[in-house]
2 protein chains.
Amino acid sequence: MTETGAMRPTRQRTAVVEALETCGEFRSAQDLHDLLGRRGETVGLATVYRTLQRLVEAGEVDLLRTEDGEAIYRRCSTTHHHHLVCRGCGRTVEVEGPAVERWTRGVAAEHGFVEVSHTLEIFGTCAACAGRVG
Amino acid sequence: MTETGAMRPTRQRTAVVEALETCGEFRSAQDLHDLLGRRGETVGLATVYRTLQRLVEAGEVDLLRTEDGEAIYRRCSTTHHHHLVCRGCGRTVEVEGPAVERWTRGVAAEHGFVEVSHTLEIFGTCAACAGRVG
DNA sequence: GAGAGGTTGAGAACCATTGTCAACTCTGTG
DNA sequence: CACAGAGTTGACAATGGTTCTCAACCTCTC
Ligand SMILES: [Zn+2]
Ligand SMILES: [Zn+2]
Ligand SMILES: [Zn+2]
Ligand SMILES: [Zn+2]
């Protein structure tokens, strides 16, 4: 029943974490699976999903959803933060906003909501991408 | 080629809009389909999806995603706002935060991002749902 | 009321994600 | 080392939300 299970170090888990590490940006499970395959590291798709799930639960990986609902993952710092993501190249900047955190808690409390969580993502075009076009 | 197509008034479209109107909260396409069925208004599931899609494109309906990626829809005011949503019953409060708007613009500018947009949703359990359980 | 073109719906198709389960791996013990 | 016990893996099946297909069906216009 304990959630603090073993989490044994296996070849597959190491491979997934490394793929996330070297990639650096948000990627889907399938992308990571393909990436591993091309790299010669054979890891079952189900295992990729399971590992990502574990990592998300452990707070070691951030999950967010694309416009069409697909889950994408990224190795992030473990403190609470949000993202500024470039629509063009995927470049991601982690941002923090204590004032925003306070505001969301206040709004929720004000309306009697408990067990509150929130999502906040900023999308835009980074300087490099903007320059490249016009 | 024009996107400003006809959008003819049909029994089905009227029914979907009315369902959204009387419901008032975020609901999935399937929920709305069931709701219509129980009400005696027979509308094909595909039609419900198509209609919602159109309404979202027209800005008349807000679309957001539950934590597990399912799309949910709601008839909202047309001004910029965010949502405080109950995970249990879907009850929704529209909220505005000028400070947050300013903050996101500032953060984006600070990192040289342009064409900035953002998403911000707060999820929780409303007082009614919390009371019902605990 | 006939033609042109948008609309509908039953069912198939799609596709990301999860479940199944027998084979396999790691770890500690004797 | 043998070995038991528990965690892990992966090919494959299954799930479930969403979209596609296409023939039949409305709606508007002339
Ligand atoms: Zn992050
Ligand atoms: Zn960029
Ligand atoms: Zn809204
Ligand atoms: Zn509620």
Side-chain angles (χ1 to χ4, degrees), chain A residues 1-20 26-58 60-74, chain B residues 1-20 23 26-58 60-74 85 87 90:
Chain A
M1 282 301 162
T2 98
E3 284 80 40
T4 55
M7 192 62 168
R8 294 210 279 236
T10 66
R11 175 183 65 77
Q12 291 87 340
R13 281 173 185 171
T14 311
V16 170
V17 171
E18 263 177 32
L20 280 165
F26 278 99
R27 287 286 128 85
S28 74
Q30 316 238 16
D31 282 350
L32 290 165
H33 176 251
D34 293 352
L35 202 153
L36 286 164
R38 259 181 274 118
R39 230 201 245 180
E41 292 274 12
T42 314
V43 180
L45 182 56
T47 300
V48 173
Y49 273 107
R50 278 185 299 237
T51 304
L52 288 170
Q53 210 164 275
R54 291 285 201 98
L55 291 169
V56 168
E57 276 161 21
E60 289 178 42
V61 161
D62 274 10
L63 172 160
L64 64 83
R65 299 207 173 257
T66 64
E67 193 90 345
D68 47 285
E70 193 180 3
I72 50 180
Y73 307 83
R74 178 177 187 262
Chain B
M1 280 305 162
T2 97
E3 284 81 40
T4 56
M7 192 60 168
R8 293 197 206 148
T10 65
R11 174 182 68 76
Q12 291 88 340
R13 281 173 186 170
T14 311
V16 170
V17 171
E18 263 176 32
L20 280 164
C23 167
F26 275 100
R27 285 287 129 84
S28 73
Q30 316 235 20
D31 283 350
L32 290 165
H33 177 251
D34 293 351
L35 202 153
L36 286 164
R38 259 181 274 116
R39 231 201 243 179
E41 292 274 11
T42 315
V43 179
L45 182 56
T47 300
V48 173
Y49 273 107
R50 278 185 300 235
T51 303
L52 288 170
Q53 210 164 275
R54 292 283 201 97
L55 290 168
V56 168
E57 277 162 21
E60 290 178 41
V61 161
D62 274 11
L63 155 75
L64 64 83
R65 301 215 169 250
T66 64
E67 274 152 14
D68 47 288
E70 192 180 4
I72 49 180
Y73 307 82
R74 178 176 188 259
V85 187
R87 275 185 289 257

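Values below: every heavy atom of this structure, side chains too, minus hydrogens, waters and symmetry copies. Numbers restart at 1 for each chain; the letters A, B, ... are given by sequence-line order, proteins then strands. Everything numeric in this text was worked out from a predicted model, so none of it was measured.
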- line: With sequence neighbours left out, the residues meeting salt bridge (charged side-chain N to carboxylate O under 4.0 Å, His left out) with A:Glu57 are none
Sequence-distant partners of B:Arg38, salt bridge (charged side-chain N to carboxylate O under 4.0 Å, His left out), two or more places apart: none
- request: Heavy atoms only: give me the nearest A:Ala19-A:Leu36 pair and the separation to one decimal.
  value: CB-CD2, 3.9 Å
message: Please find the pair of heavy atoms, one from B:Arg54 and one from B:Arg13, that lie closest to each other, and give the distance.
response: NH2-NH2, 4.0 Å
message: Restricting to side chain to side chain donor-acceptor pair (under 3.5 Å), what partner residues turn up for A:Arg74, sequence neighbours left out?
response: A:Glu94
task: Sequence neighbours left out, what passes side chain to side chain donor-acceptor pair (under 3.5 Å) with A:Asp34? Give chain and number order.
output: none
Look at the side-chain N and O atoms of [X] and state whether any lies under 4.0 Å from the OP1 or OP2 oxygen of [N].
X	N	result
A:Gln53	C:dT17	no
B:Arg13	C:dT8	yes
A:Gln12	C:dT25	no

d([atom1], [X]; [atom2], [N]) in whole Å:
X	N	atom1	atom2	answer
B:Leu52	D:dG17	CG	P	15 Å
B:Ile72	D:dG17	CD1	P	13 Å
A:Asp68	D:dT19	CG	P	9 Å
B:Arg50	C:dA10	CZ	P	11 Å

message: Using a 4.0 Å cut-off on heavy atoms, which residues in residues 30-49 of chain B reach DNA chain D? List them by number, or say none.
response: B:Gln30, B:Ala46, B:Tyr49
field: Point-to-point distance, once rounded to the nearest 0.5 Å, from CD1 of A:Ile72 to CG of A:Asp31
entry: 9.5 Å
field: Nearest-0.5 Å distance that lies between atom CG in A:Leu35 and atom CZ in A:Arg27
entry: 8.0 Å
Can I get a per-line list of side-chain donor-acceptor pairs under 3.5 Å for residues 60-68 of chain B, giving both atom names and the distance, sequence neighbours left out?
residue: B:Asp62; atom: OD2; partner: B:His81; partner atom: NE2; Å: 3.1
residue: B:Asp62; atom: OD2; partner: B:His83; partner atom: NE2; Å: 3.2
residue: B:Arg65; atom: NH1; partner: B:Gly69; partner atom: O; Å: 2.8
residue: B:Arg65; atom: NH2; partner: A:Glu67; partner atom: O; Å: 3.4
residue: B:Thr66; atom: OG1; partner: B:Asp68; partner atom: N; Å: 3.4
residue: B:Thr66; atom: OG1; partner: B:Glu70; partner atom: N; Å: 3.1
residue: B:Glu67; atom: OE2; partner: A:Ser117; partner atom: OG; Å: 3.4
residue: B:Glu67; atom: OE2; partner: B:Arg87; partner atom: NH1; Å: 3.3

Show me the donor-acceptor pairs, under 3.5 Å and distance only, between side chains in residues 42-51 of chain B and residues at least two apart or in other chains.
residue: B:Thr47; atom: OG1; partner: B:Arg50; partner atom: NH2; Å: 3.2
residue: B:Tyr49; atom: OH; partner: B:Gln30; partner atom: NE2; Å: 3.4
residue: B:Thr51; atom: OG1; partner: B:Thr47; partner atom: O; Å: 2.8

task: Compare the minimum distances between each of D:dT8, D:dT9, D:dT21 and the side chain of A:Arg54, then state the nucleotide with the smallest one.
output: D:dT8
- line: Which of C:dT8, C:dT17, D:dT9 is nearest the side chain of A:Ala71? It is C:dT17
- request: Using a 4.0 Å heavy-atom cut-off, write out nucleotides 25-30 of chain D from 5' to 3' as B (base contacted by protein), S (sugar-phosphate only) or - (no contact).
  value: -BB---
task: Compute the angle between the rotation axes at the two ends of the helix from C:dG1-D:dC30 to C:dG30-D:dC1, each taken over five pairs, rounded to 10 degrees.
output: 20°
